[in-house]
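Written below as structure tokens is the structure these notes are about.
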Amino acid sequence: MANSFRSIGLIARVTATMGNQLFQADDLANNQFIYLLRITEQPGITQTELANQLHVDPSTCLRTVRKLITSGYVSRETDDANKKRRPLVATTKGMAMAPALEAYEQHVLAIGTAGLSTGEAALLEELLAKVATNMRDFQEKRS
């Protein structure tokens, strides 16, 4: 069973390294591409929601979002209904990256599931979802 979790770690490290190398020319380093992908997928997501979704601490998320803002990929808007809410929105430059980010995600999925039948891919997704839920629940109990 320990090897399963080591495999999950390997998958995470390899995909992050590949993405960092691929998007380095676009000034997206240190997994910034993952944050930008989530922001393009969910316009108006708040920084707190983003940190929760990516399971990173708020200070790490803040630093990364600031870098994305400085690089011109993201802007922080003001919510007219709730002045305290500061949603994140991809700029034109950020939205221009969306197709490449989505293509990268699909490419990684294709590489990772190569050779799996449709049933095996579905089972893998189901089992990983259960593991993720267990880990999320454990993390929430500790908080």
Side-chain angles (χ1 to χ4, degrees), residues 1-79 82 84-143:
M1 186 57 69
N3 285 337
S4 297
F5 277 82
R6 289 181 182 171
S7 295
I8 291 170
L10 170 75
I11 294 164
R13 285 188 303 279
V14 169
T15 56
T17 300
M18 287 171 43
N20 286 330
Q21 290 171 350
L22 180 64
F23 297 111
Q24 183 177 15
D26 298 300
D27 197 29
L28 291 172
N30 299 323
N31 300 326
Q32 292 173 5
F33 70 95
I34 297 169
Y35 290 73
L36 182 56
L37 176 62
R38 295 295 173 259
I39 293 167
T40 60
E41 289 174 341
Q42 299 173 41
I45 189 171
T46 65
Q47 187 174 303
T48 301
E49 294 165 343
L50 182 61
N52 290 337
Q53 189 178 103
L54 295 175
H55 299 283
V56 296
D57 61 281
S59 60
T60 299
C61 188
L62 174 63
R63 283 190 304 273
T64 303
V65 167
R66 279 185 181 160
K67 288 176 185 175
L68 289 170
I69 291 170
T70 301
S71 298
Y73 285 108
V74 173
S75 66
R76 199 183 302 270
E77 304 289 323
T78 302
D79 189 331
N82 181 352
K84 291 182 179 180
R85 190 172 188 281
R86 303 277 296 174
L88 301 171
V89 179
T91 62
T92 303
K93 181 179 178 181
M95 288 308 294
M97 288 297 299
L101 294 168
E102 291 168 11
Y104 170 73
E105 186 174 56
Q106 291 305 310
H107 179 67
V108 167
L109 287 170
I111 291 169
T113 58
L116 296 182
S117 69
T118 304
E120 288 171 330
L123 179 60
L124 176 64
E125 187 171 343
E126 180 183 336
L127 295 174
L128 286 174
K130 286 182 180 181
V131 171
T133 298
N134 291 342
M135 298 306 290
R136 186 176 309 112
D137 292 346
F138 175 77
Q139 184 180 28
E140 288 174 1
K141 287 178 186 173
R142 291 188 57 194
S143 300

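Values reported hereafter were calculated over all heavy atoms of this structure, with side chains retained and with hydrogens, waters and symmetry mates removed. Remember, predicted model here, so these are calculated numbers, not experimental data.
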Problem - CD (Q53) with more than 12 external heavy atoms under 6.0 Å - result: yes
Practice task
Taking atom CG of N30 as the centre, report whether more than 12 heavy atoms of other residues, nucleotides or ligands fall under 6.0 Å from it.
Solution key: no
Practice task
Please report the C-alpha distance between L101 and E105 in whole Å, then the side-chain angles of each, then the deciding distance to 0.1 Å, and finally whether the side chain to side chain contact (heavy atoms under 4.5 Å, CB included) criterion is met.
Solution key: CA-CA 6 Å; L101 294 168; E105 186 174 56; over 6 Å; no
Problem - Polar side-chain atom of T46 near backbone of P87 as donor-acceptor pair, under 3.5 Å - result: no
Handout entry: Between CD on residue E49 and CD on residue Q42, distance to nearest 0.5 Å
Key = 8.0 Å
Exercise for the section: Specify the closest pair of heavy atoms between D27 and S71, including all atoms of both residues, with the distance to one decimal. Expected result: OD2-OG, 3.4 Å
Exercise for the section: Side-chain contact test, heavy atoms from C-beta onward, threshold under 4.5 Å: evaluate it for T92 versus M95 and give yes or no. Expected result: no
Problem - Heavy atoms of other groups near E77 CD, more than 12 under 6.0 Å - result: yes
Handout entry: Gap between atom SG of C61 and atom CG of L88 - 0.5 Å precision
Key = 7.5 Å
Handout entry: Atom of Q32, atom of L28 and distance for their closest heavy-atom approach
Key = OE1-CA, 3.6 Å
Problem - Heavy-atom closest contact (V89 atom, G44 atom, distance) - result: CG2-N, 4.1 Å
Practice task
Would you give the length of the straight line joining atom OG1 of T64 to atom CD1 of I34, rounded to the nearest 0.5 angstrom?
Solution key: 9.5 Å
Exercise for the section: For N20 and A29, indicate whether the former's side chain and the latter's backbone hold a donor-acceptor pair under 3.5 Å. Expected result: no
Exercise for the section: Kindly give the heavy-atom pair with the smallest separation between T15 and F33, and that separation in Å. Expected result: O-CZ, 4.1 Å
Problem - Sidechain-backbone polar pair: Y35 side chain, V65 backbone, donor-acceptor under 3.5 Å - result: no
Practice task
Kindly indicate whether the side chain of E41, heavy atoms from C-beta on, has any atom under 4.5 Å from the side chain of R38.
Solution key: yes
Exercise for the section: Answer yes or no: is there a side-chain heavy-atom contact under 4.5 Å between Q106 and E102? Expected result: no
Exercise for the section: Step by step, work out the side chain to side chain contact (heavy atoms under 4.5 Å, CB included) result for T133 and K130. Expected result: CA-CA 5 Å; T133 298; K130 286 182 180 181; 5.7 Å; no
Fill in the blank from the handout: In short, I39 meets L68 closest at the heavy-atom pair CD1-CD1, 4.4 Å
Completion exercise
side chain to side chain donor-acceptor pair (under 3.5 Å) test vs Q47 passes for just one of R86, R76, R66, namely R76
Practice task
Please report the shortest heavy-atom distance between T40 and G94, naming the atom on each side.
Solution key: CG2-O, 3.8 Å
Practice task
Please answer whether the main-chain N or O of L116 pairs with a side-chain N or O of T113 as donor and acceptor at a distance below 3.5 Å.
Solution key: no
Problem - Inter-residue atom distance R136.CZ - N52.CG, 0.5 Å rounding - result: 10.0 Å
